[in-house]
Amino acid sequence: MTNADVAALFEHLADLLEYEGENQFRIRAYRSAARTIAAETESLAAIRHSTTRSLADLEGIGRDLAGKIETILESGRLPALDELSARVPAVVFDLFRIPGLGPKKVRQLVQSLGIDSLDGLEAACRAGLVRGMRGFGEKTEASILKNLAFVRSTVQERLLWEEADAILARLLVWMESCPGLDRIEGAGSWRRGCETVGDIDVLAISLSPATVMDHFHHWQETSEVIAAGDTKSSIRGPGGVQIDLRVIPPASFGAAWQYFTGSKEHNIRVRSRARERGLSLNEYGIHSLVVTPDVFPTLPAATEEDVYSAVGLPWIPPELREGRGEIHLAAEGLLPALITVADIRGDLHMHTTDTDGEDTLAEMVRGAIERGLEYIAITDHSQRVTMAHGLDETRLRRQWERIDLLNEALAADGASPIVVLKGIEVDMLEKGGLDLPDRVLEDAEWVVASLHYGQGQPRAQITSRILEAVEHPAVSVIGHPTGRLINRRPAYDVDMEAVVEAAARTGTFLEINATPRRLDLNDLHAAAAQRAGVAIVISTDAHSIRGLGAMGCGVLQARRAGLQAADVVNTLPLAALRSLLRSRH
DNA sequence: GCCGTTTTCGGCCCGACTGTTTTCAGTCG
């Protein structure tokens, strides 16, 4: 039973309670606990048996929920959930997915009309039965029909951050030509650098909101205007993604940007902090609830710094605003100086046409020089990865000879702009062991060990394969340590706590693979690794020159993990990196 | 259900938009 499993049980319970019309604060308590649990990197079982922490120490978890967690850990079941599940019809979960239907309306549809499927709901709408109920009308009925089609036609899948980033960039180019627009910025989960983005949130400063929203509606990629009010508008853009725009006057910009960046949990904590100080915070500004000689009724809120300063905090980078303890860190003056792309000196995982890359060795080197990198490692696949035409010893040594020649030519150019390291991405074989003999790996300057096959093996087997690679003296780094592909394939079942412990002990690095669909390690694992003293490598795993651009995504992930430049190996100058490699094992 | 320098009760972030209503409930973020 993982933390994510326990969190899912509480979320599920909260959904059912919502349907039952339970006290909203009780429901919020379950959801809040689920978020805390999902964001906790230590396993609940470990915390339960720890001598230094207890379950009730976790934010939002008191005596009752701690008891429920213990029950779940012991029995795998949550009795309260079992009881409710027996009472609440299964269709409720489908109905919740329809935009515009919340617990009250869903309850009415199920109890008054006996709806038991999406098809049944459609039939009831077409028969005009829905419009007759209190609180429903013709427009609601039509909206349900439209949204039913939407729910059925689209795979409800969150965008990769990079996809959202591209859509936002196009929208901002369009909005630049809007008259009367002073400033426009992205907010929400995009700005926090989340690995996936549901809706795209955009914030504009203008004194003529109607003009701005009209321009927004006329973007060529707008397929539908979902809602349009005086200051807020929502459209569907490319692929059905919802884009929300809010238009705000300049004096409110800081309060609004802070508010629309979120996360919700972060905002609730900031606002609670405001209340403790006799202040009220909304998207328009900061207001004093009590008039005292030293507090003005309305405080400045043109910048985010104004907002944080009003609640006694320094500005908090968006990537950290998840309600995972960043407010405490900020209050103590302990916020990390997060790593930036400018700190990165090298890229230590990439492929060429010798295996499954699209660009040649020489082209990849040129691409890296253009990006200003000081060093790179060429890490093509090893022989077992047959689909990629992986390298055996002979072909690998031939590639290394070419790299030697290339380095000589680069050095002969005078001020050598880049050094190319002779590397390999060696496969961790299904039966255990690595895909190339030790004598080859020992000759490599950089070895990425990755698992590509047998991903469905049981936890003990996967973990032991990875631990074997971590312990191998020639292995520099574990590539994409959990193997997940966002929206495509779950992580393999691996005991990450054991991997992190072994990596810390042996000095083996762990990778943040920056490929937008991988981002592996994720933020939570990367934070746990950093806390354990493991050095991180951020690598693009580029299969083309273009792929080298993924470094920014990897750095965002590292920032969400709270990493500083000193935590990341490829911020080091090459000489320091080499010396660190020699000092291990 | 959680929480506490206003502590064991009574609060819990705050506002926009829609549709149905005729002053507001429900939904959403």
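Quick note on labels: first sequence line is chain A, next is B, and so on, each numbered from 1. Every value quoted in this text rests on a predicted model; they were computed, and no experiment measured them.
- Taking atom CG of residue A:L13 and atom P of nucleotide B:dC2, one finds them 12 Å apart after rounding to whole Å.
- Of the candidate nucleotides B:dG1, B:dG15, B:dT20, B:dG1 has the atom nearest to the side chain of A:A29.
- Taking atom NZ of A:K232 as the reference point, atom P of B:dG15 lies 14 Å away to the nearest angstrom.
- Around CZ of A:R459, the count of heavy atoms belonging to other residues, nucleotides or ligands within 6.0 Å exceeds 12.
- Nucleic acid contact class of A:A33 (heavy atoms, under 4.0 Å, all strands): none.
- A side-chain donor-acceptor contact under 3.5 Å links A:D244 and A:S234.
- Checking B:dG29, B:dC17, B:dC12 against the side-chain heavy atoms of A:D230 singles out B:dC17 as nearest.
- Among residues two or more places apart in sequence or in another chain, the side-chain contact (heavy atoms from CB on, under 4.5 Å) test is passed with A:E42 by A:E40, A:A46, A:I47, A:R53.
- Of the candidates B:dC14, B:dG1, B:dG26, B:dG26 carries the atom nearest the A:K104 side chain, counting heavy atoms from C-beta on.
- Applying the ring pair (Phe, Tyr, Trp, His ring centres under 6.0 Å) rule to A:F25 yields no partners; only residues at least two apart in sequence or on another chain are considered.
- A:N282 comes within 4.0 angstrom of the backbone, heavy atoms only, and of no base.
- Taking only side-chain atoms of A:S280, from C-beta outward, the nucleotide of B:dC14, B:dC17, B:dC13 with the closest atom is B:dC14.
- Comparing B:dG1, B:dA16, B:dC13 against the side chain of A:L65 picks out B:dG1 as the nearest.
- Within 4.0 Å (heavy atoms only), A:R246 reaches sugar-phosphate atoms of the nucleic acid but no base atom.
- Contact check, A:K68 against B:dG1: a side-chain N or O comes under 4.0 Å of OP1 or OP2.
- Remark: A:Y30 engages A:F10 in a ring pair (Phe, Tyr, Trp, His ring centres under 6.0 Å) (not counting sequence neighbours).
- The side chain of A:R275 has B:dC13 as its nearest neighbour among B:dG29, B:dC2, B:dC13.
- As a whole-Å value, the separation of A:E283 CD from B:dC13 P is 15 Å.
- Atom-to-atom, CG of A:D244 to P of B:dG29 comes out at 7 Å; the value is rounded to the nearest Å.
- In this structure, A:R131 places its CZ atom 14 Å from C1' of B:dT20, rounding to the nearest Å.
- Among the heavy atoms of the strands, none lies under 4.0 Å from A:I27.
- Minimum atom distance to the side chain of A:K139 is reached by B:dT20, of the listed B:dG29, B:dT20, B:dG15.
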(message) Run A:S117 and A:D119 through side chain to side chain donor-acceptor pair (under 3.5 Å) and show every step you take.
(response) CA-CA 5 Å; A:S117 67; A:D119 289 340; 5.2 Å; no
Just list the side-chain donor-acceptor pairs under 3.5 Å for residues 99-107 of chain A, sequence neighbours left out, or say none.
residue: A:R107; atom: NH1; partner: A:Y19; partner atom: O; Å: 3.1

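- Rounded to a whole Å, the CD1 atom of A:I286 is 14 Å from the P atom of B:dG15.
- Atom NZ of A:K105 is separated from atom P of B:dG19 by 10 Å (rounded to the nearest Å).
- Counting only residues at least two apart or in different chains, salt bridge (charged side-chain N to carboxylate O under 4.0 Å, His left out) contacts with residues 205-220 of chain A are absent.
- On the P atoms, B:dC12 is 28 Å away from B:dT18, given to the nearest whole Å.
- Within the 4.0 angstrom heavy-atom criterion, base atoms lie near A:Y259.
- Taking every side-chain heavy atom of A:F25 into account, B:dG1 is the closest of B:dG29, B:dC14, B:dG1.
- Contact annotation for A:Q24: no contact, since no heavy-atom pair falls under 4.0 Å across all strands.
- When Watson-Crick and G-U wobble pairs are counted only if both distances are under 3.5 Å, B:dT8 pairs with no nucleotide at all.
- For A:H217 and A:S233, the side-chain atoms include at least one donor-acceptor pair closer than 3.5 Å.
- A heavy atom closer than 4.0 Å to some atom of DNA chain B occurs in no member of residues 306-328 of chain A.
- Protein atom CH2 of A:W190 is 18 Å distant from nucleotide atom C1' of B:dG29, rounded to whole Å.
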